[in-house]
Amino acid sequence: MSDCIFCKIANGEIPSELVYENEYIAAFNDINPSAPVHILVIPKRHVESLNELEDKNLMAELLFGVKEVTKKLGIKDYRTVINTGKGAGQEVFHIHLHIISGRPLKWPPG
Ligand code: 5GP
Ligand code: ZN
């Protein structure tokens, strides 16, 4: 989508600190990290949120991408978050999986 910030990151129009990519997904550092490690995994094609994601293969690619990133960085303890909808804190309407790590993470979150 032309005015989507994560589409622009996916196609290189907006620079990002890329951590991992393949044919289907890209992973890059969050611009406003909430932990020493805060990475976003996105599909290269535009999907608004988990509510709109119908492609099971892409779903698997996204979660497998989390494993690729954590394996690459040697991270064993991490949190994976998908905020879906404004009421749940979603601010960018191009689906993304947060990978958060590098500090103690309490549960349940605040
Ligand atoms: P949400 O609240 O939608 O789940 O998360 C959006 C995330 O995207 C936030 O953590 C925010 O810091 C990050 N973000 C927003 N704009 C940019 C950007 O232009 N570049 C990067 N790298 N991250 C961004
Ligand atoms: Zn997009």
Side-chain angles (χ1 to χ4, degrees):
M1 214 173 74
S2 60
D3 63 346
C4 170
I5 196 153
F6 285 0
C7 281
K8 288 181 179 169
I9 285 178
N11 70 23
E13 246 183 274
I14 291 178
S16 71
E17 293 171 10
L18 203 64
V19 179
Y20 174 84
E21 73 174 324
N22 65 28
E23 189 181 345
Y24 306 104
I25 64 157
F28 54 90
N29 287 330
D30 194 292
I31 205 167
N32 184 22
S34 66
V37 174
H38 190 166
I39 293 164
L40 303 174
V41 180
I42 65 168
K44 288 190 169 174
R45 74 172 170 82
H46 185 81
V47 178
E48 271 197 22
S49 82
L50 192 56
N51 290 331
E52 286 76 27
L53 181 56
E54 307 290 352
D55 180 340
K56 287 184 182 172
N57 288 323
L58 188 54
M59 230 178 244
E61 289 291 344
L62 286 165
L63 198 52
F64 206 78
V66 172
K67 286 169 62 66
E68 292 290 344
V69 168
T70 53
K71 190 170 67 183
K72 185 172 176 182
L73 300 183
I75 298 168
K76 293 258 193 262
D77 300 312
Y78 57 90
R79 182 167 294 159
T80 307
V81 172
I82 308 175
N83 295 323
T84 305
K86 272 202 170 68
Q90 186 174 4
E91 290 181 348
V92 177
F93 284 81
H94 178 132
I95 189 172
H96 48 282
L97 284 65
H98 296 256
I99 301 172
I100 297 164
S101 184
R103 65 167 168 80
L105 297 165
K106 67 182 168 79
W107 190 262

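Under a hydrophobic-cluster definition in which Ile, Leu, Val, Met, Phe, Trp and Tyr are linked whenever side-chain heavy atoms come within less than 4.5 Å, directly or via other members, Leu63 and Ile39 are assigned to the same cluster. Clustering ILVMFWY residues whenever any of their side-chain heavy atoms sit less than 4.5 angstrom apart, transitively, puts Ile75 in a cluster other than the one holding Leu40.
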As a quick check of understanding, evaluate side-chain contact (heavy atoms from CB on, under 4.5 Å) for Tyr20 and Val41, giving each step before the final call. CA-CA 9 Å; Tyr20 174 84; Val41 180; over 6 Å; no

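When all heavy atoms are compared, the tightest approach of Ala35 to Arg103 is CB-NE, 3.7 Å. Closest approach of Lys44 to Glu23, counting heavy atoms only: CD-O, 3.6 Å. Taking all atoms of both residues into account, the shortest heavy-atom contact from Val66 to Tyr78 is CG1-CE1, 3.8 Å. Pairing each heavy atom of Val69 with each of Ala27, the nearest pair is CG2-CB, 3.6 Å. In terms of heavy atoms, Gln90 sits closest to Ser49 at OE1-CB, 3.4 Å.
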Pairs under 3.5 angstrom only: tabulate donor-acceptor contacts from the side chains of residues 91-101 to other protein residues two or more places apart or in another chain.
from, atom 1, to, atom 2, distance (Å)
His94, ND1, His46, ND1, 3.4
His94, NE2, Pro43, O, 2.8
His96, ND1, His94, O, 2.8
His98, ND1, His38, NE2, 2.8
Ser101, OG, Asp77, O, 2.7

Table please: side-chain donor-acceptor pairs of residues 1-19 below 3.5 Å, with sequence neighbours left out.
from, atom 1, to, atom 2, distance (Å)
Asn11, OD1, Glu13, N, 2.9
Asn11, ND2, Glu13, OE1, 3.3
Glu17, OE1, Asn29, ND2, 2.7

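Each of Asn57, Val47, Leu53, Ile42 was evaluated against Leu62; a single residue qualifies, Leu53, per the side chain to side chain contact (heavy atoms under 4.5 Å, CB included) test.
Applying the salt bridge (Lys or Arg N to Asp or Glu O under 4.0 Å) test to pairs two or more places apart or on separate chains, those with a residue in residues 51-70 are Arg45-Asp55, Glu68-Lys71.
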